[in-house]
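Working notes for the structure below.
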Amino acid sequence: MSRAGSIRSAALRVSRTQSAVSLQMKRLEAIVGERLFHRTGSGVALTVAGERFFPGAERISAAHDEAIENVRSDGLQGSIAFGCPEDYLTAFFSELLRRYGAAHSGIEIEIVCAPTVDLHPLLQRRRIDLALVSLPGSARFEEVIRYEPLVWIASTQAPALLGEPSVPLALSAPETLDHQKARRAMDAAGAAYRVAHASNGLDGLLAMARSGLAMSVATRAAVPDDLTIVS
């Protein structure tokens, strides 16, 4: 409070309401048994007792913060290279990486964003330490972290593209799982189609879907709000 100069400034500093700060001031004075704060026309100042109390209170607060930091910090140092497809990175990892960085501030994180087909050789050559990859439905259960379906996406729920003699698709590289799954699904349905646009990045596929020139495929969690899942 001595540094803040007013209850309002102190409340903003500690992310509390002004009434909560005032209550804490009264509780502190009750514990100490002395009046510590003096309200003036320009704000709040320390009384004589408050001036004597303040240096010790600062030391206690600093020791408290240091103790908490020592418990939270695991002392880990180093770096980690993490590989992940773009759609998973977009859908799941912003918050997770933020929390990991806060918990392990001594770890430098390198993100390698690439399709699954490119991540496997990087793992084998030890260019990355670990990776989240897509697996076909035949993968063993114990290897699976999450089931995430692939969905058709377009600019509208019933795109006019479905009425064309050959449905234009925007797909990633031919060796990727989503490209292969999409073509197999169309073949199984007996639907005529053509791969009209290609992109190695998720942003490119989403842009084509937004344009209305093609339908595309994405994991359900990565579908943005302005695009529609076509059933």
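- Distance CG/Leu161 to CG/Leu169: 9.0 Å, rounded to 0.5 Å.
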### Query
Under the side chain to side chain contact (heavy atoms under 4.5 Å, CB included) criterion, do Thr219 and Val151 qualify, and how do the steps go?
CA-CA 6 Å; Thr219 51; Val151 293; over 6 Å; no
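- For the pair Glu29 (side chain) and Leu36 (backbone), a donor-acceptor distance under 3.5 Å is present.
- Under the 4.5 Å side-chain heavy-atom criterion for Ile, Leu, Val, Met, Phe, Trp and Tyr, Phe53 and Val48 are members of distinct hydrophobic clusters.
- The structure places CE of Met208 at 4.5 Å from CG of Leu213, a figure rounded to the nearest 0.5 Å.
- In this structure, the side chains of Trp152 and Ile229 stay at 4.5 Å or more apart for every pair of heavy atoms.
- Residues Leu227 and Leu206 have side chains in contact (heavy-atom distance under 4.5 Å, counting atoms from C-beta outward).
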#### Entry: Val167/Met215 under side chain to side chain contact (heavy atoms under 4.5 Å, CB included): CA gap, chis, key distance, verdict
CA-CA 8 Å; Val167 179; Met215 289 176 53; 4.1 Å; yes
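- Here Glu86 contributes atom CD and Ser172 contributes atom OG; the two are 10.5 Å apart, rounded to the nearest 0.5 Å.
- Looking at Leu150 and Arg220, their side chains never come closer than 4.5 Å, going by heavy atoms from C-beta outward.
- Rounding to the nearest 0.5 Å gives a distance of 11.5 Å between CG of Leu28 and CG of Leu23.
- There is a path of hydrophobic side-chain contacts, each under 4.5 Å, that joins Val44 to Val32.
- Of the possible polar contacts, none joining the Ser155 side chain to the Arg210 backbone as a donor-acceptor pair under 3.5 Å is found.
- For Ser166 against Arg194, the heavy-atom pair with the smallest separation is OG-N, 3.4 Å.
- Listed for the Ser216 side chain is no donor-acceptor partner under 3.5 Å among the backbone atoms of Leu171.
- Here the side chain of Glu148 pairs a donor or acceptor atom with the backbone of Ala221 at under 3.5 angstrom.
- Between Leu119 and Val112 the shortest heavy-atom distance is CD2-O, 4.1 Å.
- Leu162 and Val223 are assigned to two separate hydrophobic clusters, defined by single-linkage of ILVMFWY side chains at heavy-atom distances under 4.5 Å.
- Shown here for Leu177 and Ser134, the closest heavy-atom pair between the two residues is CD2-CB, 3.8 Å.
- Of the possible polar contacts, none joining the Glu110 side chain to the Phe82 backbone as a donor-acceptor pair under 3.5 Å is found.
- Looking at every heavy atom in both residues, Leu205 comes nearest to Val217 through CD1-O, 4.5 Å.
- Partner of His120 under the side chain to side chain contact (heavy atoms under 4.5 Å, CB included) criterion, out of Val117, Asp118, Thr116: Thr116 alone.
- Between Cys84 and Leu89, the shortest heavy-atom distance links the atoms SG-N, 3.6 Å.
- For the pair Tyr100/Ile107, a side-chain contact is recorded, criterion being any heavy-atom separation below 4.5 Å from C-beta on.
- Atom CG of Asp129 sits in a crowded spot, with more than 12 heavy atoms from other residues, nucleotides or ligands closer than 6.0 Å.
- For the residue pair Tyr88 and Arg146, no side-chain donor N or O sits within less than 3.5 Å of a side-chain acceptor on the partner.
- In this structure a side-chain-to-backbone donor-acceptor pair under 3.5 Å is missing from Gln157 to Val230.
- There is a path of hydrophobic side-chain contacts, each under 4.5 Å, that joins Leu96 to Leu132.
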#### Entry: Derivation of the side chain to side chain contact (heavy atoms under 4.5 Å, CB included) call for Thr47 and Glu51
CA-CA 6 Å; Thr47 63; Glu51 292 285 358; over 6 Å; no
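- Heavy-atom neighbours of Glu108 CD from other residues, nucleotides or ligands within 6.0 Å: at or below the threshold of 12.
- Without hydrogens or angle criteria, Arg35 side chain to Phe37 main chain gives a donor-acceptor distance under 3.5 Å.
- Closest approach of Ala222 and Leu202 over heavy atoms only: CB-CD2, 4.4 Å.
- Taken from CD1 in Ile128 to CG in Leu123, the straight-line distance is 4.0 Å, to the nearest 0.5 Å.
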